[in-house]
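Atoms within a ligand are numbered from 1 in the order they appear, just like the ligands themselves. Because only heavy atoms are used, hydrogens play no part in the values below, and waters and symmetry mates are left out as well, while side chains stay in. Worth saying up front: this structure is predicted, and the values here are computed from it rather than measured.
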Amino acid sequence: MKKTQLWRLGVKDMQIFPMSRQRPPLRKPTWIIVLICMISMFLIFAYVYPPQNSSTCYLFSYRGCKAFSSWLPPLTRELTDEEIASQVVIREILNSPQVITENRKVAFMFLTPGALPFEELWDKFFQGHEGKFSVYVHASKDRPLHFSRYFINREVHSEKVDWGKISMVDAERRLLTYALKDPENQHFVLLSDSCIPLRDFDYVYEYLMYTNISFVDSFVDPGPHGNGRYSEHMLPEVEKKDFRKGAQWFTMKRKHAIIVMADFLYYAKFRDYCRPGMEHGRNCYSDEHYLPTFFYMFDPTGVANWSVTHVDWSEGKWHPKSYTAKDVTYGLMKNITSVMDSRHVTSDERKEVQIKPCMWNGDPRPCYLFARKFLPDTLNNLMLLFDNYTSISNWR
Ligand SMILES: *[C@@H]1O[C@H](CO)[C@@H](O)[C@H](O)[C@H]1NC(C)=O
Ligand SMILES: *[C@@H]1O[C@H](CO)[C@@H](O)[C@H](O)[C@H]1NC(C)=O
Ligand SMILES: *[C@@H]1O[C@H](CO)[C@@H](O)[C@H](O)[C@H]1NC(C)=O
Ligand SMILES: *[C@@H]1O[C@H](CO)[C@@H](O)[C@H](O)[C@H]1NC(C)=O
């Protein structure tokens with residue numbers, strides 16, 4: 001890209017050059033010879049001193065050209081004041097030592113339109129672990145009626161949430177803000193009303209607390225539902241090569257929650273240029289792109305790149321599978337809790353399946369702690385099976 005621009009610039013200069021000179025220009029053949037000599041010297045020099053970082057560099061192949069341009073002094077653009085400020089703040093937060101509080105809690109943040117059909121199940125999950133967790137509820141439509149003491153008076157101020165719009169990201173940020181007010185919260189989990197726990201509390205607590213990474217989903221989808229949603233209006237701050245996709249259901253370390261709160265610049269780019277009904281009938285959904293892209297840009301090795309919340313897309317429909325009461329069996333729960341590989345499918349014609357083993361502090365572990373989408377009528381079966389399926393153990 002930069003190279004072609006440079007080349008075009010060169011051509012334009014040559015057209016303008018002879019006319020803008022007062023004295024008669026060099027005669028044409030001399031010019032061409034000088035130019036050819038310069039290019040040849042340049043190529044010879046490049047050939048003799050090939051780029052260090054590329055083992056297979058063929059000068060005239062596409063790869064060679066790319067390596068060639070990376071060998072040139074980098075044509076870095078000057079960052080804006082806002083970008084420099086953002087990046088300084090983000091780096092500072094990421095590099096500052098972790099504040100270890102005596103007691104450490106996991107914040108469970110529920111994003112729901114209203115009711116929480118699985119409160120009873122979560123109650124069972126939380127029981128006996130008081131002091132090691134906190135609950136936050138963002139109810140965007142109706143105030144839910146609570147059945148569990150762990151949920152009473154845990155609502156945060158909430159606003160309307162529209163599917164796929166920035167208000168979804170706003171609600172996530174609001175939950176993080178409230179949860180960050182408690183310094184004992186060290187890990188933050190975003191859940192929906194259709195989410196259920198797949199493991200017992202201790203397993204979840206250890207899985208999240210004793211690792212240094214956040215489980216934020218992030219992958220490259222070259223297809224229409226991935227990079228096809230990118231808009232060049234996001235330039236210069238967000239380049240297409242950095243654009244990522246991922247499910248919104250994250251878990252985050254405290255420092256990552258803070259950099260999300262500290263960011264306004266990149267957030268604003270997604271708010272303005274990644275939304276449904278953009279120009280040319282294009283749709284973009286910030287909740288699927290903002291955090292995956294933001295973390296890829298600022299702390300790629302600090303995130304797992306998969307979500308610990310399972311969902312079944314295998315039916316290939318617009319929405320994932322919703323589990324009904326008759327689906328919920330010991331067999332299903334065993335299947336979901338045994339998955340050891342994360343998979344992403346691209347949305348282009350190739351439908352490339354990217355499979356990666358789920359690693360926890362360097363060892364393979366089952367991928368999932370939570371699952372969605374469960375319909376309310378599955379509650380009874382889940383209550384009956386809970387002790388059984390949470391004792392399925394591939395670890396401990
Ligand atoms: C996480 O980071 C802290 C501080 O940087 C370090 O002491 C600890 O060993 C790390 N834990 C793991 C599981 O890598
Ligand atoms: C996540 O992906 C990025 C590249 O996209 C990679 O650098 C990073 O190591 C991955 N994270 C883990 C934990 O493997
Ligand atoms: C569990 O997985 C196996 C193997 O993939 C499959 O044959 C079976 O139908 C699954 N069972 C349920 C209940 O989903
Ligand atoms: C769970 O239920 C299955 C099927 O009914 C049974 O085979 C298994 O032994 C049970 N496991 C536990 C730990 O109760």
Side-chain angles (χ1 to χ4, degrees), residues 53 90-91 94 187 196 198 207-223 226-227 230 238-253 255-256 259-260 266 288-317 320-346 352-369 371-375 377-378 381-382 384-386 388-390 392 394:
N53 57 356
I90 291 169
R91 299 261 166 266
L94 290 176
H187 205 110
I196 61 151
L198 288 175
Y207 199 108
L208 299 179
M209 212 56 105
Y210 300 125
T211 186
N212 281 339
I213 58 169
S214 292
F215 295 90
V216 175
D217 195 22
S218 180
F219 76 110
V220 183
D221 178 358
N227 285 358
Y230 173 78
V238 183
E239 295 179 40
K240 192 170 190 173
K241 70 174 174 53
D242 296 330
F243 198 65
R244 291 292 182 281
K245 180 179 175 171
Q248 76 184 108
W249 308 105
F250 61 73
T251 83
M252 251 181 224
K253 304 307 292 181
K255 64 175 181 183
H256 284 147
I259 64 170
V260 171
Y266 300 91
E288 292 184 1
H289 298 282
Y290 164 54
L291 293 176
T293 305
F294 180 72
F295 280 101
Y296 172 71
M297 288 174 69
F298 291 104
D299 199 11
T301 57
V303 294
N305 302 320
W306 88 86
S307 165
V308 288
T309 299
H310 173 269
V311 71
D312 183 357
W313 281 104
S314 66
E315 291 178 342
K317 295 193 187 140
K321 179 179 171 63
S322 286
Y323 296 105
T324 62
K326 68 171 173 23
D327 295 321
V328 176
T329 59
Y330 177 75
L332 175 76
M333 303 317 282
K334 191 173 156 65
N335 275 5
I336 298 177
T337 49
S338 312
V339 176
M340 301 289 283
D341 298 304
S342 74
R343 59 173 52 220
H344 290 116
V345 184
T346 64
E352 187 200 333
V353 185
Q354 307 169 359
I355 299 178
K356 290 215 184 87
C358 294
M359 304 296 276
W360 188 87
N361 288 352
D363 294 320
R365 294 277 185 244
C367 301
Y368 302 117
L369 303 178
R372 64 186 197 105
K373 298 184 126 197
F374 286 74
L375 294 175
D377 70 353
T378 56
N381 283 1
L382 289 166
L384 289 172
L385 285 169
F386 184 77
N388 184 314
Y389 77 73
T390 54
I392 301 165
N394 300 305

Taking the six-membered ring for Trp, are Y266 and F298 parallel (under 30°), tilted (30 to 60°) or perpendicular (over 60°)? perpendicular
Report the distance from atom OG1 of T378 to atom CG of D327, rounding to the nearest 0.5 Å. 9.0 Å
Tell me whether the count of non-hydrogen atoms from other residues, nucleotides or ligands lying under 6.0 Å of CZ in R343 goes above 12. no
Any N/O of N335 closer than 3.5 Å to an N/O of ligand 3? yes
Any chance NZ of K321 has more than 12 other-residue heavy atoms, nucleotides or ligands included, within less than 6.0 Å? yes
Give one line per pair: atom of ligand 2, protein atom, distance. Only N/O to N/O under 3.5 Å.
{"unit_1": "ligand 2", "atom_1": "2 (O)", "unit_2": "N305", "atom_2": "OD1", "d": "3.3"}
{"unit_1": "ligand 2", "atom_1": "2 (O)", "unit_2": "N305", "atom_2": "ND2", "d": "2.4"}
{"unit_1": "ligand 2", "atom_1": "11 (N)", "unit_2": "V303", "atom_2": "O", "d": "3.0"}
{"unit_1": "ligand 2", "atom_1": "11 (N)", "unit_2": "N305", "atom_2": "ND2", "d": "3.0"}

Please check if the distance between the ring centroids of Y389 and F386 is under 6.0 Å. yes
I'd like to know whether the aromatic ring centres of F250 and F295 sit less than 6.0 Å apart in this structure. no
